[in-house]
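Atoms within each ligand, like the ligands themselves, are counted from 1 in listed order.
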Amino acid sequence: MTAILIDGKQVAAALRAEVASRVAALTFTPGLAVVLVGDNPASAVYVRSKDRAAAAAGIAARTIRLPADATEAALLATVAGLNADPAVDGILVQLPLPPQIRPQAVIEAIDPAKDVDGFHPVNVGHLHDGRPTLVPCTPLGVMRLLAHAGVSIRGTRALVLGRSAIVGKPMAALLINADATVTVAHSRTRDLAAECRRAEVLVVAAGRAEMVRGDWVSNDSVVIDVGINRLPDGRLVGDCATAECAAHAAAITPVPGGVGPMTIACLLDNTVTAALGRRA
Ligand code: GUN
């Protein structure tokens with residue numbers, strides 16, 4: 001069989017349009033502040049596209065740039081200023097941060113009500129308690145793609161490959177909350193291929209180009225590829241060998257054009273959620 005390709009670009013565009021119409025119905029303009037420390041080129045590209053997407057949805061976005069040698073104290077002072085600013089509903093500090101700054105200290109300084117990344121321990125706790133508030137954007141985008149693809153998650157065997165705080169762990173929590181039977185596998189898992197083969201829903205966020213091969217994927221499963229890797233020849237590929245996996249799966253996300261576009265759309269959605277939570 002050949003898998004259906006789940007079109008993240010289309011689903012993200014629909015979500016951005018829905019966010020824009022929710023914003024248009026508000027009596028105020030939601031504000032999003034993105035903080036970028038240093039000049040990591042990938043981060044700069046990401047921050048520019050957040051700015052553009054926010055503006056198109058009617059959200060007032062501003063980017064605060066700090067130099068690569070900024071101190072942790074300077075970044076914490078910036079965050080404190082944004083916490084106190086009533087025009088700011090959402091705060092996102094772009095990761096990774098330079099080595100002199102402890103990411104956890106910064107994440108914990110953000111007002112949980114403005115934490116549109118969903119990384120603050122209070123929001124992490126709510127998610128793992130089964131009463132999610134602000135949820136990390138990438139796993140939230142995956143849940144929306146699964147819903148769009150008509151996957152009914154309750155009772156399914158799901159496997160999350162990867163255990164990061166940004167994707168793997170919150171992904172597992174969302175799937176548990178949706179009544180899946182969830183396994184989290186990672187680089188130290190024995191016989192990864194066999195674990196993957198048992199999954200009906202396979203979410204891959206391993207950070208290794210084309211790691212998941214066709215014979216790791218069971219027939220009729222749904223494969224969500226969160227990875228994005230640039231090969232030496234310049235091609236962008238996911239963490240799955242897409243063509244091989246598509247020969248077995250019922251549905252799969254392409255790279256690019258799968259999960260990637262959902263992340264920013266979910267960030268806009270979280271900004272409106274935060275704004276309504278704070279101002280309602
Ligand atoms: N860097 C890569 N992904 C993310 C994300 O989702 N949020 C933040 N703040 N930084 C990132």
Side-chain angles (χ1 to χ4, degrees), residues 8 12 15 32-51 53-54 59 61-66 68 70 72 75-76 78-79 82-83 88-99 101-124 127 132-145 160 162-174 203-208 224-230 236 238-239 255-256 258-271 273-274:
L15 177 56
L32 171 66
V34 176
V35 183
L36 179 59
V37 184
D39 37 26
N40 178 322
S43 291
V45 170
Y46 192 46
V47 165
R48 255 198 311 278
S49 19
K50 283 174 189 168
D51 259 359
I59 291 170
R62 79 168 95 131
T63 302
I64 294 119
R65 291 186 164 77
L66 297 183
E72 184 178 292
L75 179 53
L76 291 175
T78 300
V79 168
L82 295 170
N83 283 343
V88 172
D89 295 291
I91 301 170
L92 182 147
V93 177
Q94 185 66 32
L95 303 176
L97 289 166
I101 301 177
R102 294 167 301 156
Q104 206 54 34
V106 176
I107 288 166
E108 289 178 18
I110 296 171
D111 178 351
K114 297 188 177 189
D115 169 37
V116 285
D117 261 328
F119 294 165
H120 190 285
V122 165
N123 290 320
V124 174
L127 172 61
T133 42
L134 290 165
V135 174
C137 301
T138 300
L140 185 58
V142 170
M143 294 305 282
R144 288 178 179 275
L145 286 178
V160 179
R163 54 176 160 177
S164 71
I166 295 183
V167 184
K169 285 175 184 160
M171 188 73 248
L174 285 167
V203 180
V204 184
R208 296 246 315 257
I224 306 288
D225 188 350
V226 180
I228 180 148
N229 311 280
R230 194 170 290 280
L236 276 183
D239 291 351
V255 176
V259 175
M262 293 301 291
T263 298
I264 289 179
C266 288
L267 172 67
L268 305 180
D269 195 30
N270 276 354
T271 303
T273 302

Gap separating the CG atom of Asn270 from the NZ atom of Lys114, nearest 0.5 angstrom: 15.5 Å
For ligand 1, output the ligand-protein N/O contacts shorter than 3.5 angstrom; if there are none, return none.
unit_1	atom_1	unit_2	atom_2	d
ligand 1	1 (N)	Gln94	NE2	3.2
ligand 1	1 (N)	Leu95	O	3.0
ligand 1	7 (N)	Asp117	OD1	2.9
ligand 1	7 (N)	Asp117	OD2	3.4
ligand 1	9 (N)	Val93	O	2.8
ligand 1	9 (N)	Asp117	OD2	2.6
ligand 1	10 (N)	Leu95	N	3.0

Is it the case that Asn123 and Thr133 place a side-chain donor and acceptor less than 3.5 Å from each other? yes
Can you check whether Leu92 reaches Lys50 side chain to side chain, under 4.5 Å on heavy atoms? yes
Is Arg62 salt-bridged to Asp51, going by a charged N under 4.0 Å from an acidic O? no
In Å and rounded to the nearest 0.5 Å, what is the CE to CD1 distance from Met171 to Ile166? 14.5 Å
Is there a side-chain contact between Leu36 and Leu66 in this structure, where contact means two heavy atoms from C-beta onward sitting under 4.5 Å apart? no
